[in-house]
Peer 1: 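Below are the structure tokens for one structure; questions will follow.
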Amino acid sequence: METATRSVTRYGCFLPDLTGLARRPPAISAPYIAAERRRRNPPGSVARGHDAQVSAAYSFAMALHLFLNTFAGNPLDRASEHRIEPEWLARRLASDDGLAVALWNGRPLVEDGPDGGLQLAYLSARLAGELDPTWERLLFLGMRDETAVFAVDLEGQADPTASALQGLGRFEDLRLIALDLPQADAAIASTAKGMFEWRRRHRRCAACGEPTRPADGGWKRVCEACDAEHFPRTDPVVIMLPHHGDRCMLGRQESWPKGMFSALAGFLEPGEAIEEACARELLEEAGLHALNVRYHSSQPWPYPSSLMIGLIAEVEDEEGRPDQTELSEVRWFTREEAQALLAGELDGVFCPPRSAIAHQLIKAWAEEALP
Ligand SMILES: [Zn+2]
């Protein structure tokens, strides 16, 4: 590919397609969602998953797409069978109809959307391939119908929108704009960010310390010194809302902004079941004894590589005590107070925004919409 003729072809706008170059992939459901679930929960409702209610029909199921947290709901077919085909990947990367998402220091390239919000600003895959011919910074994200979608990591000091990507969009902090993006775009950006965070932290072999190289479209790293293969990691975190009677408990850490309270959370440890980790964390952090633990939903959280497992836990205690290590303060909230908290109408106290699973756990309990 001649870089001198590299065009600034850009995709992702809604303008009439006069040139054949401008095009945006259609919204589709993730390919693994069964037809019956798709019928019960059409694509339009998936896009508003923040506010969706869990159907009684799926009371005890881990419902697929009946409730979507921010960063979940990536609609791409990951097409993992193609990751191991270097020639296929190279062909798609060089083709005119491939797309690419760009990230710079964890920030996705975005542009203004048609409804006053934002949307991902897709580059041509060819441009992404020219920006990184080595594949070190490239990732095959998957297929959107017949279109191959890649991501390119432009980490570095200088903002690429001042040079190679001038006029093609702007880089924004994903967490800050998550609610301004369509759910699918937030999820696609989250997938790319999580993968690039892993790549940045695993450039050397964990077994022998030698440099690793990317393989399988960016989904694997291989050590040529000892042949070890390294795969992206996901770190499970339990995040839970304890409740007793008609009150739920939130806690705060000393380092948080003044007045902020949230659900309790902690990393799952080896040898623990999810419910056991929940019970342990409740006891350690707040002196609470769990009676039962219910699953609500989960959330990919690419900071850098967590999966937040959202739980609602009934506890036997009427009082709690913060451990003064993780939590500096705990506080009970009635349902009325919790609803006021969610609405931002409780004096001097606030909780995370609805893009955070903690917000959704509080909302589910306050509205008695528990699974
Ligand atoms: Zn090695």
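When a ligand or atom number is given, it counts from 1 through the structure's own listing order. Predicted, not measured: the structure shown is a model, and the values here were computed from it. Nothing fancy with the numbering, it's 1 onward along the sequence.
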Peer 1: Checking D235 against S306: is there a side-chain donor and acceptor pair closer than 3.5 Å?
Peer 2: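 No, no side-chain donor-acceptor pair sits under 3.5 Å.
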Peer 1: Mind counting the protein N, O or S atoms sitting less than 2.8 Å from the Zn ion (ligand 1)?
Peer 2: 4
Peer 1: For E368, check salt bridge (Lys or Arg N to Asp or Glu O under 4.0 Å) against everything at least two apart and list the hits.
Peer 2: R335
Peer 1: Please list, chain by chain and in numerical order, all residues satisfying salt bridge (Lys or Arg N to Asp or Glu O under 4.0 Å) with R321, sequence neighbours excluded.
Peer 2: none
Peer 1: Hey, are D246 and T334 close enough side-chain-wise for a donor-acceptor pair under 3.5 Å?
Peer 2: no
Peer 1: Would you say D185 and Q119 are linked by a side-chain donor-acceptor pair, where the criterion is simply a distance under 3.5 Å?
Peer 2: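 No donor-acceptor contact under 3.5 Å links the two side chains.
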Peer 1: Could you work out, with salt bridge (Lys or Arg N to Asp or Glu O under 4.0 Å) as the rule, every residue matching E136, not counting sequence neighbours?
Peer 2: R199, R221
